[in-house]
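Take a look at the structure set out below.
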Amino acid sequence: MLEVRDLSVNYGHFTALHSVSLNVNPGEIVVMLGANGAGKSTLFRTLSGLQRASGGTAKWNGTPLTGGKPEYNVAHGVAQCPEGRLLFPELSVEKNLRLGAFVHRKDTAGTNRELERVYTLFPDLVQKRHAPAGSLSGGQQQMVAIARSLMARPSLLLLDEPSLGLAPLVVEQVFAAVQRVNEAGVSVLLAEQNAFAALGIAHRGYVMESGVLTLQGTQQELMTDDRVRSAYLGV
Amino acid sequence: MLEVKGLGIRFGGNHAVQDVTASIEAGKITAIIGPNGAGKSTFFNLISGFYQPTSGSIHFLGQDITRLATHDVVARGIARTFQTTTIYRELSVLDNAMIGHRVRTRAGLWDALLRTGRERRDEQESRAGGMAALERVGLAAQAGLPAGALTQEGQKRVGIAMALSSDPKLLLLDEPAAGMNPEETVNLMGLIRELVGGGLSVALVEHKMSLVMGLADEILVMHHGQKIAEGTPAQVSRNPAVIEAYLGSHAHGGQMGQAGAGEASHA
Amino acid sequence: MTTFLQQLFNALALGGVYALVALGLTLVYGVMRVPNFAHGGLYMLGAYLTYASLTALGIGYVPSLIVAAIGVALLAALMERVIFYPLRNAPHVSPMIAAIGVLFFLEAAVQLIWGPDFKQIAEPVSGIVNLGGVIITWQRLIVIIASVIVMVGLNFFLKRTLTGATIEAMSQNREGARLVGINTNRVGAMTFAISGALAAVAAALIAPINAVAPSMGEVMNLKVFAIIILGGMGSVPGAIVGAFLLSFSEVFGGYYINLDFADVIGFAMLVLVLALRPQGLFKRGV
Amino acid sequence: DKVVNIGYSGPLSGGAAFYGKDVQSGIEMGINDINKAGGVTVNGEKVTFKLVSLDDRYLPNETATNVKRLTSQGIDIVFVPHAGGILTVQPMTTRDPEFLLVAYSSEPKILEAKNPLTFMLPPRYDNYLQPFVSTQMKAFGKKLGMVGTTSAYGKQWAEAVTGEWKKQGGTVGADNGVDYGTTVDYSAAVTKALSEKPDVLFIGGPSQPTALVVKAAREQGFKGGFIVMDQAKFEQMDQVVPVSYLNGSVGVLPTKEFAGTQLFVNQYQRAYKKIPTSEAALNYMGINVIAKAMELAGTTDDPTKIKAKLDAAAKALPQNRTVFKMLGVTPDGHADAEFLIASVKDGKYTKLRVGKVFK
Amino acid sequence: MTGRLPGGVWGWVAVFVLAALVPLFRPSGYVLDIGVNIMIYAILAYGLNVLLGYTGQLPLAHAGFFGIGAYATGILTLKAGWSFWLAWPAAVVITALAGLLLGLVAFRTKGDTFAIFTLGVGVIIMLVINKWDSLTGGNDGLNGILPPAGLEALSRSVGLKLSGGFYYLALISLALTVLAVARARGSVFGRSLIAIRGGDDLARSAGIDVYSHKLRAMMLSTAIAGFAGGLYATYVGFLGSAATGPVQTFTILLYLLVGGLGTLAGPLLGPALLYTLAQNLKGLQDYQYIVFGPLLVLLIMFAPQGLVGLWSRLTARRTPPPAAPPTQKEASRAGS
Ligand SMILES: Nc1ncnc2c1ncn2[C@@H]1O[C@H](COP(=O)(O)OP(=O)(O)OP(=O)(O)O)[C@@H](O)[C@H]1O
Ligand SMILES: Nc1ncnc2c1ncn2[C@@H]1O[C@H](COP(=O)(O)OP(=O)(O)OP(=O)(O)O)[C@@H](O)[C@H]1O
Ligand SMILES: CC(C)C[C@H](N)C(=O)O
Ligand SMILES: [Mg+2]
Ligand SMILES: [Mg+2]
């Protein structure tokens with residue numbers, strides 16, 4: 001279980017997260033809604049260890065995630081598809097993906113199996129497997145980023161706006177895949193502007209505004225909440 | 001106003017754009033859609049002179065611009081924004097806009113060193129041109145802020161302002177709504193409509209069907225570097241090839257297509 | 001004809017020398033993009049550590065080489081930790097100037113310890129090989145062979161091993177590398193250590209041909225940077241081709257045109273190649 | 001008692017540091033000897049010396065700055081050991097404030113400038129030409145190959161030796177000069193020179209690179225003789241290559257082989273733990289001549305008067321301060337010291353007779 | 001807009017007035033010499049700043065152009081018998097043209113390749129100066145370049161020595177350079193350079209003719225280097241190839257970086273601090289670089305934006321920054 005308690009993050013003088021507390025239960029898909037600049041990415045970066053917290057705790061199955069060491073977090077099952085993708089642009093797509101499985105470097109067979117799986121998920125990547133990741137189209141790079149996070153075979157998957165730049169058909173596929181991954185037992189925390197699609201697969205959700213969680217509820221509750229409908233669903 | 005004939009480019013063995021013949025009409029909004037890697041951004045890069053095509057021609061307002069350098073293309077009146085927001089984050093919002101106005105000024109090094117009349121005139125015009133562009137995108141109040149301090153959406157507007165201050169006739173927008181929430185997307189649509197109302201022509205690449213269907217007068221569909229369909233939103237969204245390659249369930253008013261925000265603000 | 005063949009061997013030997021030094025730099029400059037202008041200093045220090053181990057410790061040549069390699073590797077790793085790592089987000093010129101500061105320091109420190117005069121390291125395998133009038137010393141042969149071995153080894157390491165891939169990954173996106181679980185601190189220090197060790201090995205092999213002096217690194221510095229760009233950033237075979245291209249233009253330019261202008265010819269070749277192929281001879285492999 | 005500061009600007013870091021340090025050590029040892037003996041008496045006052053050294057990395061503009069700094073501290077004697085620096089500061093000697101420039105360089109232009117306040121220490125190199133050439137031509141043959149260094153001084157030498165060799169009826173191959181300061185491997189230059197099958201090779205720059213040239217030549221099978229330019233010192237070269245490689249060379253006699261230098265050599269080696277060369281020896285004598293000249297002139301701060309007494313001082317230099325015999329100082333300000341040349345036979349240095357000497 | 005010079009026009013006027021007062025206190029020739037050297041290096045650094053600081057291109061041939069300017073001045077006065085006052089501007093033009101020539105080819109490359117390309121050219125310039133005996137005097141150098149005609153007489157007429165005259169000549173040259181660079185930076189042209197610094201592609205798509213702007217920046221940069229070179233030639237009176245090589249380029253680079261890249265005060269502050277520091281460290285003899293090297297590293301590490309950056313950081317600490325979180329709508333704090 002992911003337990004976040006009173007998590008705060010500062011960028012210099014500016015506080016991006018104010019005492020955020022939330023849970024993700026095992027096997028859940030939880031969506032994080034919020035406007036631009038609300039602090040979603042900050043939360044995700046903190047949970048994956050890229051960003052240091054200035055207060056509070058976050059634990060995944062009891063393992064503290066706030067040490068500022070992403071390599072530690074991923075080794076403990078927390079993988080992130082980050083905002084900005086953070087790919088290795090001059091390495092081939094396949095090397096990018098294989099490096100995604102770095103924490104399983106002893107288990108080549110498992111990595112190969114996972115590789116086949118992500119290639120079936122994103123068939124577009126197959127013919128690009130030897131191309132430098134940086135030469136791919138924007139959407140294709142987003143696919144690599146998602147696929148790379150799956151390669152770590154995480155128990156908690158952090159997806160920061162995975163649908164960014166993806167064609168509608170692919171968005172559907174991605175969300176379907178997330179659902180499948182989740183059914184295999186992986187917990188997912190998902191930030192999305194495409195709230196409609198995200199809520200479609202989520203069990204629960206939170207709304208973040210200016211670094212504060214302002215709303216939470218089940219899929220149904222959020223879908224029917226007036227503020228959510230007007231601000232995030234555009235209806 | 002823009003005609004491309006048999007346009008193509010290859011990277012190594014990969015035909016990113018292949019034999020595309022199409023035109024973009026003046027005063028209209030043309031959307032270009034297609035799967036990831038279809039060649040949409042590359043198509044824009046070819047038009048704006050970023051890449052040199054390996055085949056075909058590009059005519060703008062009757063003139064051949066196929067081999068022109070990017071800055072000359074901008075000077076002829078085609079400005080563009082990038083897929084990922086690229087602006088000068090450390091410069092002020094106004095400076096960003098003024099940089100876009102450079103193509104309309106002629107003051108050079110000597111003018112700078114000698115502070116000639118032209119230099120002073122051009123500087124004033126840049127400022128005025130930059131401010132005008134900021135006003136069009138609604139950023140006049142933020143002119144003095146560093147561009148990096150703005151929200152994602154604000155930064156997108158800065159990018160558009162930069163393009164607008166070059167006083168273009170045709171504006172190319174590459175995924176302007178990426179990363180925007182529905183509310184912001186609606187605002188953006190309003191902005192684009194205003195621009196077109198002011199006489200500008202717009203071509204845009206976008207995966208958000210709410211925006212495309214709500215905004216476009218004309219849609220051009222690309223797949224594997226080729227044009228596979230064109231027409232009005234209604235025509236295109238019924239085209240089986242487009243549905244199969246790109247739209248999937250959204251053609252039938254799926255999750256994104258149905259987000260009728262665009263329609264709502266029509267009223 | 002013998003003269004031509006002799007020059008051919010001379011060029012090969014010189015190319016071997018350049019290649020050995022350049023290969024050490026490829027890792028930190030070509031791959032990690034850290035403009036480590038102190039590399040010449042590490043090379044120089046390697047020569048002095050070899051010399052000191054030979055004379056002061058009285059151990060043999062190979063043990064001395066190993067001592068020097070370890071010593072320089074540790075220093076290089078330390079440099080990465082305290083200087084280049086903190087400067088990783090600074091503009092490119094900052095680490096470059098800091099590295100020059102290190103170079104100043106190393107040269108002055110070595111001069112203070114060992115004096116400004118030349119030292120000599122005896123050839124471990126002395127004597128010459130005479131191939132029908134063409135003469136090459138054993139030491140030069142060793143240098144040529146070593147440069148090829150190091151090239152093959154390094155290329156294998158970077159392209160075929162996971163550790164090699166982690167180095168490239170880290171150099172291209174440090175955050176991304178950490179996200180997939182790479183301990184970038186360790187990889188960074190390790191990369192520098194390997195580069196330092198290579199510099200020291202190069203020095204130990206080359207020193208018997210040339211003399212050992214505090215300024216020996218400066219002479220090499222510019223050339224090896226040029227070689228890496230010439231071959232194509234990040235390309236290991238490119239570095240070796242660049243090295244031999246430079247040595248061949250120097251030797252044969254010197255022979256057919258004017259010896260005094262050999263260096264001019266070498267750099268002119270660099271400028272010419274880059275004017276025609278701005279990305280270098282080899283593009284970075286994937 | 002009075003302490004007089006002596007200035008020195010030379011390369012103390014960078015590629016030429018070993019050279020600058022050698023020169024500096026000679027001046028320093030001279031000053032130490034004088035001070036240990038209680039200094040000199042000038043106008044009834046006891047005077048001791050102190051050396052103020054500044055690094056100029058062999059760069060003339062740095063020398064100029066250093067000299068301005070030294071003279072603004074009231075220093076009236078400045079040693080500079082490289083032609084570029086000397087030529088740059090020569091015009092400054094007579095500007096306000098005046099100072100005596102002690103030039104350690106054999107560049108003839110220094111004397112040609114007719115500067116009234118320059119004291120030039122090394123012997124003119126043209127004295128070596130005739131004996132070097134005639135010895136080697138007789139011993140090995142008439143064809144000379146050229147692999148000198150391309151420093152200003154090296155080029156002068158190469159030109160002069162070419163002229164002399166031709167004058168004595170020999171032929172000279174193409175000039176294969178290379179920069180001894182930056183060349184990584186001399187094989188290519190040597191191969192090119194040897195392709196003309198010379199009997200004798202002209203070589204020379206700093207000692208150690210010169211030795212490497214010898215090595216490359218011997219390894220490539222060269223059996224002839226070498227003419228070694230005076231900048232290279234046999235006693236340093238034989239530390240790098242076996243002395244047998246040097247057999248058949250002519251060059252400057254090692255300082256320790258001069259008669260009566262034993263005292264200096266021993267003392268120097270004790271203090272500096274390195275081989276004394278003529279750089280150290282001549283500068284050692286230079287500072288002693290200056291001290292003596294101050295005594296004779298009765299002033300420590302009037303460069304013109306001190307300069308006027310240099311000749312007398314040189315002639316009056318006591319035996320224990322002499323390394324090479326000092327015959328005097330010419331009116332142009334050039335020290336006229338004895339110089340000796342040697343050839344190497346069976347690993348031994350043998351003095352050669354010198355015919356006529358230029359002044 | 002009067003505030004063309006960041007840091008305030010009056011601040012600069014004050015600096016130059018203060019500097020102009022220095023000779024009136026009759027300092028030693030050494031102090032004036034340091035002043036002149038600092039100013040020559042500062043002019044060079046200003047030139048480099050145009051390319052590196054504003055345009056974002058790292059040219060490693062800068063000392064070569066300094067050399068071209070210096071040797072052109074030296075050769076024109078010594079061998080062609082020109083007056084210095086003619087030779088100097090001619091040298092500036094020659095250097096600018098040489099810069100144009102280099103730029104035409106070099107700007108085909110970018111980033112590190114551009115840097116190394118120009119480094120190669122820099123080495124070639126130095127070597128050619130070194131080897132072209134008949135024109136440049138080769139290793140002997142060019143000796144006996146005279147002070148500018150009339151400078152000594154002029155100095156004496158106002159009661160100064162020649163060194164004082166040189167000091168004022170350098171000061172005026174520096175003032176001209178600062179003015180030129182400030183104007184270039186604050187212009188429509190200069191804004192385009194800044195745009196190029198942010199990346200070729202972005203600048204291109206914003207409609208800037210990147211190549212031609214880079215070329216002109218290169219010419220301005222090298223012209224300034226040639227300007228400094230001419231001054232150097234007449235001041236030192238001797239020219240050797242060593243001052244035209246990469247070591248010199250890196251020295252200037254170091255001055256600029258320590259002063260503050262892309263700032264107007266940096267190119268002056270850097271040489272002022274580092275040159276004085278190096279002079280003072282000379283007393284340490286063998287230890288000078290043992291101290292200087294690490295000091296340099298520390299400066300780079302703890303003042304990454306140079307002295308100017310350090311200064312603004314220190315002053316900023318006293319006045320807290322305007323807390324301006326990006327505009328956001330009010331958070332509705334309703335829990336659920
Ligand atoms: N490195 C940083 N330094 C300073 N401020 C930052 C930094 N990163 C983010 N911020 C600020 O923190 C706030 C939260 O940003 P964050 O990226 O977490 O938002 P988000 O919810 O992910 O927005 P988006 O939907 O645009 O991705 C924003 O105001 C942003 O400007
Ligand atoms: N510089 C390049 N080098 C090599 N291949 C390239 C390059 N630029 C684009 N491509 C390839 O061309 C194809 C088209 O890319 P493009 O960026 O135009 O796609 P797109 O339609 O914009 O996709 P998206 O919707 O994902 O942004 C892709 O397969 C991409 O990998
Ligand atoms: C051999 C030395 C007397 C020559 C000296 N290095 C010079 O520069 O002239
Ligand atoms: Mg975000
Ligand atoms: Mg695209």
Side-chain angles (χ1 to χ4, degrees), chain A residues 11 14 33-38 40-41 83-85 122-125 127-128 130-132 135-144 160-161 163-176 191-201 207 210 227-235, chain B residues 11-14 16 33-42 82-85 149-156 174-175 177-186 205-212 223-224 242-251 254-262 264-265:
Chain A
Y11 295 114
F14 173 65
L33 300 176
N36 273 303
K40 304 180 297 293
S41 297
E83 183 175 64
R85 305 184 197 125
F122 299 110
D124 283 5
L125 297 184
Q127 56 159 329
K128 291 279 174 190
H130 299 302
S135 77
L136 266 56
S137 83
Q140 291 167 336
Q141 292 191 30
Q142 187 65 30
M143 297 175 199
V144 179
D160 194 352
E161 300 196 31
S163 75
L164 192 82
L166 292 182
L169 205 55
V170 183
V171 175
E172 257 175 60
Q173 289 162 6
V174 167
F175 282 118
E192 260 301 333
Q193 298 292 358
N194 191 347
F196 207 92
L199 278 175
I201 61 166
V207 173
S210 301
R227 276 163 304 166
V228 173
R229 285 175 66 81
S230 73
Y232 304 110
L233 298 177
V235 283
Chain B
F11 299 106
N14 173 20
I33 62 172
N36 296 116
K40 306 177 296 294
S41 299
T42 309
F82 284 94
Q83 179 162 1
T84 43
T85 315
L150 268 51
T151 60
Q152 286 282 339
E153 193 226 349
Q155 296 188 17
K156 290 240 155 175
D174 197 350
E175 297 198 29
M180 285 189 180
N181 63 27
E183 192 178 333
E184 291 161 342
T185 307
V186 170
V205 170
E206 188 50 73
H207 291 300
K208 278 201 174 153
M209 286 307 109
S210 62
L211 185 141
V212 170
H223 189 33
H224 291 314
V242 179
I243 294 170
E244 199 210 338
Y246 184 63
L247 292 173
S249 58
H250 307 290
Q255 296 157 338
M256 308 159 115
Q258 66 87 261
S265 65

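By convention in this document, chain letters (A, B, ...) are assigned in the order of the sequence lines, proteins followed by strands, and residues within each chain are numbered from 1.
Considering every non-hydrogen atom in both A:Q193 and B:M180, the closest pair reads CB-O, 3.6 Å. Closest non-hydrogen pair, B:M209 versus A:P168, comes out as CG-CG, 4.0 Å.
Among residues two or more places apart in sequence or in another chain, the side-chain hydrogen bond (donor to acceptor under 3.5 Å, both in side chains) test is passed with B:Q152 by none. In this view, A:Q173 satisfies the side-chain hydrogen bond (donor to acceptor under 3.5 Å, both in side chains) rule with no residue, not counting sequence neighbours.
When heavy atoms are compared at a cutoff of 4.5 Å, B:A245 approaches chain A solely by way of its backbone atoms N, CA, C and O. Residue B:Q155: no heavy atom, backbone or side chain, is found under 4.5 Å from chain A. Interface remark: B:E184 contributes side-chain atoms only to the contact with chain A (heavy atom separation under 4.5 Å). Of the two parts of B:N14, only the side chain, counted from C-beta on, holds a non-hydrogen atom closer than 4.5 Å to a non-hydrogen atom of chain A. Within the 4.5 angstrom heavy-atom criterion, only side-chain atoms of A:E161, from C-beta onward, approach chain B.
With values rounded to the nearest 0.5 angstrom, B:L150 atom CG is found 11.0 Å from A:N36 atom CG. Remark: A:N194 CG to B:K208 NZ distance equals 7.5 Å, nearest 0.5 Å. Annotation: the span from A:L169 atom CG to B:H207 atom NE2 amounts to 11.5 Å, rounded to 0.5 Å. Atom NZ of B:K40 and atom OG of A:S137 lie 6.5 Å apart (nearest 0.5 Å).
Between the side chain of B:N36 and the backbone N or O of A:A167, at least one donor-acceptor pair lies under 3.5 Å.
Contact count versus chain B (heavy atoms, under 4.5 Å) is highest, among A:A195, A:G165, A:S163, A:S135, for A:G165.
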